[in-house]
Every structure is written in C-alpha cells, then in structure tokens.
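Worksheet: the structure to be examined is printed underneath.
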Amino acid sequence: MANTILIGSQWGDEGKGKIIDVITTEHQWVVRYQGGNNAGHTVEIGEERHVLHLLPSGILREGCRCVIGNGVVIDPAALKKEIDEVEARGYGTRDRLFVSDRAHVIMPYHRLIDEYREGAAAAKDKIGTTKRGIGPSYADKAARVGLRMGDMRLADFAERVRQKVEENNVILQALGAPLLSADEVAAEYQALADALIPYIQDTVTLLNEADRRGESILFEGAQGVMLDIDYGTYPYVTSSNATAGGACTGSGIPPHRIERVIGVVKGYTTRVGEGPFPTELHDASGEALRKAGHEFGATTGRPRRCGWFDAVVARYSAMVNGIDFWALTKMDVLDDQPVIKVCVAYEYEGQRYEQVPGAITVLEGCVPVYEELPGWQCTTSTCTCFADLPDQAKAYIARLEELTGVPVGIVSVGPRRDATFVVESVYAPQA
Ligand code: GDP
Ligand code: IMO
Ligand code: MG
C-alpha cells in the first residue's frame, strides 16, 4: 500500500473529507500537514454528518491512527472541542490521535488581529478569511516568535503565554481591537495544555518509524492549490502550502517516500472568500449550482461562489502537484444542466493562456475560453459503477481527462460513503 497525498485541486471544498474517508481503508495513518481550523471537511456516514476542522478525517475509522503534523497551526480550544465532539459520538481518540510538538499554537490575539485587519482593510484588499487567526499565527511562526504545542509541557508555559499576550496587546491597541487579559489567557491556555498534553508527541519520528515498518500513510490536504501561499491567487490565499510539497515539510516524511498523489476536483468550480475566479457565474446558473450542490461553507456558512469547470486550474494543479489521478466529485450536481461549459484556456489582451498566470493583475483580467458539452439530464446519484453513467457523463469525464492530461480514478456522485466508485483501470484499491 502506497503512501498517498490527497490534495484539493481548486479553491478548496472539493470533497476531500469524503474521499479521504473512502480511501482510508487502504491506510493505517491519516495526517493533516498544513492549515488549521479554517478547513471544514465533511464526511457523511449513513445518516450521520461530521464536519472536521482540525482532526484528520481518518478519526471516523476505528483503528486508523491520526496525526496533526508540524505544519498545522492549532487553536487548542478548537481542538479540544472537536476531540470532545467525536468522543461523544463514540469515536475514541486517546490512543490513536497524535499532535506534533512542533505545530504552532493559535492564540486569541491571532484571531483578533485576523478579524480587525480584515475589518480595517479597504474593500479591494479584503481577503475574506475565516477569521480563525491562521495568517497571523503563520506570520509569527515565520518571524520566529510563535509558541509551539511542545511548549505546553514547559513549567513556565503560562508565563510565556502571559508575556506574548502583553507583547501583542500593543498590536491590538493599534488595530482598535479589545485588549486581552494576560492572566485570563494564561489560565485558559494552561487548562487547555493540561487536557492536550497527553496527545502531544514527536510525530516526525512516530511517522518515520511507522513508514519504516511498512505501514501506509495518507496525507490529508486542506484548502486547495489556488489557495496555496506560493501557487495560489496571492494575496487572496491562505497562509500555508496546500499543495503536495507541503505534505513533506508539514509532516517530516521525505519526498522519496511518497508514492502517489490524488487530486480531488469538483465537476464544476467554487470559491469562498475574495479574489479572482475566472469562470465565476454571476447569473441564475451560478445560483442553480449553489442550490444543487448545497454550496455553503462548512466552516463559516458563507455562500460559495460557483462557476464552470476550469481546466486551466486543473491542468496547473496537475503540474504543480504531480497528480496521478483525479477523484472527480459532485458529478450528480450537474445532473439537470442541459449544456455544461468547460473553460479550456484564458485570453488576456489578445494572448492565450493554457496555464494560470502568476501575476494577479493578469489573472483578474483573464476571460475564459469555453467549450460546450451536452448535459445528461438524468440522475447519476444511483450509479454504482462507471458503466452505469450516462454516455454524456462519460464523454464529459473523457474530455476533462484529455484537457488536463490526467485520468479519473474515483468518481463521486453523492455525499455519502457509498456514493463513490473507482475506475479500475486507473485505480484498483487494495483491501
Ligand atoms: P472539503 O473541504 O474538500 O472536505 O469539502 P467540504 O466538506 O467543505 O465540501 C464538500 C461538500 O460536498 C460536503 O457537504 C460534502 O458532503 C459534499 N459532497 C462530497 N462529495 C459529493 C458528491 O459527489 N455529490 C454531492 N452532491 N455532494 C458531495
Ligand atoms: P477546506 O480544507 C475553502 C479561504 C478563505 C479565504 C482564504 C484565506 O475545507 O477546503 P484563511 O482563514 O485561511 O486565512 O482564509 O482561504 N479558505 C478556504 N476556502 N475551503 C477551505 O478549506 C478554506 N480554508 C481557507 O475563505 O478566502
Ligand atoms: Mg471544506
């Protein structure tokens, strides 16, 4: 069984949680390696619906061991809440959840800085963040002034927290945000430390030892390539590497140990937050996709912006991540469309672009070049294998494969575990 990276190939919310849940049966470990509780990964099992923010989706498979790696930023209160929630639903965490001692801690001032910076920004400069403190926490990591989960074990942890709060109150004051009580935050974080210390480990060694024993690891990407801090639509991005490379730096597993990269891609495109989105639909058809796909943020509840499939983005994702095959999700959402459009390239000032341009000013002006394909106008959610799909859906998939140069190995036609099938010539799961 192969060590596998699974990433989002658009702007997030492609259905990563669902696909992770399905393929976890092939892996002993599931690892989150970047991002934080800005993510919202939905897993539906029968009538139960779970939305995971920090916990790897493998937590819903008994026996699967889960790691929150060094590349993640952790809001300890959010983590504690999520642990309590899954425990209450009958999923044990104590012996199978491991939190990296190197992962950085999100502090209350990070959340306030995130919120007040966004609030103060001019409309065109707003990023539309989740206000979870992600950016400010990664900024402190890069500036080498952050606190790490391992610091929770130190005898003077509360004193360190107190000091950080006092330092950051100066920034909060400048932003017009409420100041924090150093004593209150220190007490709150000490209590959270006491609850979380049993989970904190050297996960770099833990994972490498597991790899050496031949156990297989699934890396659960959060966000998507277009939100990656280097490859996305900067500055309208998140603050980590959501692309495949992030799995190595965010876990400590070396690149040559990765055998497979799966890209999750929706049959159309969505985005939450601000920033360019060439195939966005501002008319009734965008609204129809939002309604059919229930496109509302799993973390913030915001309506997701919707548009046609962008093959330029998918091609770019395939290049940057080295995608071996696609997990194509939400095909059922297109069931009612009489005509389905696919963006095959962009045009900007008379020039054709087959790849995503680096300059945001160019991307903002790009006009999609569309190709139209006939819709199938029948239900796909009851299909249980590739052969069941209507011919137009098969043709749509074939065209996406051609345009991106990557085969489709998994097809998803509904939110539940069982509404998934594989294309065996591309991906043959092992028990
Ligand atoms: P993630 O962040 O990539 O894990 O995706 P989200 O959970 O934020 O959003 C995906 C949404 O689509 C969730 O509500 C899923 O339950 C749902 N979903 C996943 N796959 C499918 C599918 O094939 N069809 C439909 N209709 N819904 C799906
Ligand atoms: P999953 O893992 C979709 C977006 C926010 C905003 C930008 C920066 O569920 O796919 P941040 O709070 O990270 O500083 O916000 O990134 N964003 C997501 N959009 N899915 C996500 O995660 C996201 N995580 C962050 O909306 O535009
Ligand atoms: Mg999501």
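In listed order, ligands and their atoms are each counted from 1. FYI, the numbering just counts along the sequence from 1. For the numbers below, each heavy atom of this structure counts, side chains included, while hydrogens, waters and symmetry mates do not. From a predicted model like this one, the values you see are computed outputs, not experimental measurements.
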Legend entry - Close N or O approach (M331, ligand 1; < 3.5 Å): no
Inset, instruction - Check for a donor-acceptor pair, side chain of R315 on one end and backbone N or O of E354 on the other, with a separation under 3.5 Å. - result: yes
Legend entry - NZ/NE/NH1/NH2 to OD/OE distance under 4.0 Å, D13 and R304: yes
Inset, instruction - Flag the pair R416 and E48 as a salt bridge only when some basic side-chain nitrogen lies within less than 4.0 angstrom of an acidic carboxylate oxygen. - result: no
Legend entry - Straight-line distance of N38 CG to S240 OG, nearest 0.5 Å: 7.0 Å
Legend entry - Candidate list R271, R290, K266, test salt bridge (Lys or Arg N to Asp or Glu O under 4.0 Å), partner E295, passing option: K266
Inset, instruction - Would you check if the Mg ion (ligand 3) lies under 2.8 Å from any N, O or S atom of G40? - result: yes
Legend entry - S9, G17, G40: member with heavy atom nearest to atom 6 (P) of ligand 1: G40
Inset, instruction - Would you indicate whether Y234, at its atom OH, is surrounded by more than 12 heavy atoms from other residues, nucleotides or ligands within a distance under 6.0 Å? - result: no
Legend entry - Any R49 heavy atom less than 4.0 Å to ligand 1: yes
Legend entry - Of the listed options R416, K18, K330, H50, closest to atom 17 (C) of ligand 1 (non-hydrogen atoms): K330
Inset, instruction - Look only at interatomic distance and state if G414 has a nitrogen or oxygen under 3.5 Å from any nitrogen or oxygen of ligand 1. - result: yes
Check ligand 2 for N or O atoms under 3.5 Å from a protein N or O and list each pair with its distance.
from, atom 1, to, atom 2, distance (Å)
ligand 2, 2 (O), H41, NE2, 2.7
ligand 2, 2 (O), Q223, N, 2.8
ligand 2, 9 (O), D13, OD1, 3.0
ligand 2, 9 (O), G40, N, 2.9
ligand 2, 9 (O), G40, O, 3.1
ligand 2, 10 (O), D13, N, 2.8
ligand 2, 10 (O), D13, OD1, 3.4
ligand 2, 10 (O), K16, NZ, 2.7
ligand 2, 12 (O), T130, N, 2.9
ligand 2, 12 (O), T130, OG1, 2.6
ligand 2, 13 (O), N38, ND2, 2.9
ligand 2, 13 (O), T238, OG1, 2.6
ligand 2, 20 (N), D13, OD1, 3.1
ligand 2, 20 (N), D13, OD2, 3.4
ligand 2, 24 (N), Q223, NE2, 3.1
ligand 2, 26 (O), G128, O, 3.4
ligand 2, 26 (O), V272, O, 3.2
ligand 2, 26 (O), R302, NH2, 2.9
ligand 2, 27 (O), V272, O, 3.1

Inset, instruction - For the pair I59 and R96, evaluate side chain to side chain contact (heavy atoms under 4.5 Å, CB included) and give the outcome as yes or no after the intermediate values. - result: CA-CA 8 Å; I59 208 75; R96 60 191 194 99; 4.0 Å; yes
Legend entry - Nitrogen or oxygen of T329 less than 3.5 angstrom from that of ligand 1: no
Inset, instruction - Mark the output for R304 as yes if a heavy-atom distance to ligand 1 is under 4.0 Å, and as no if none is. - result: yes
Inset, instruction - Would you check whether G12 reaches within less than 4.0 Å of ligand 1, judged by its heavy atoms? - result: no
Legend entry - Residue D13 atom name (nearest to the Mg ion (ligand 3); N/O/S): OD1
Legend entry - Over 12 foreign heavy atoms within 6.0 Å of NZ, K81: no
Legend entry - Basic-acidic side-chain contact under 4.0 Å: R111, D75: yes
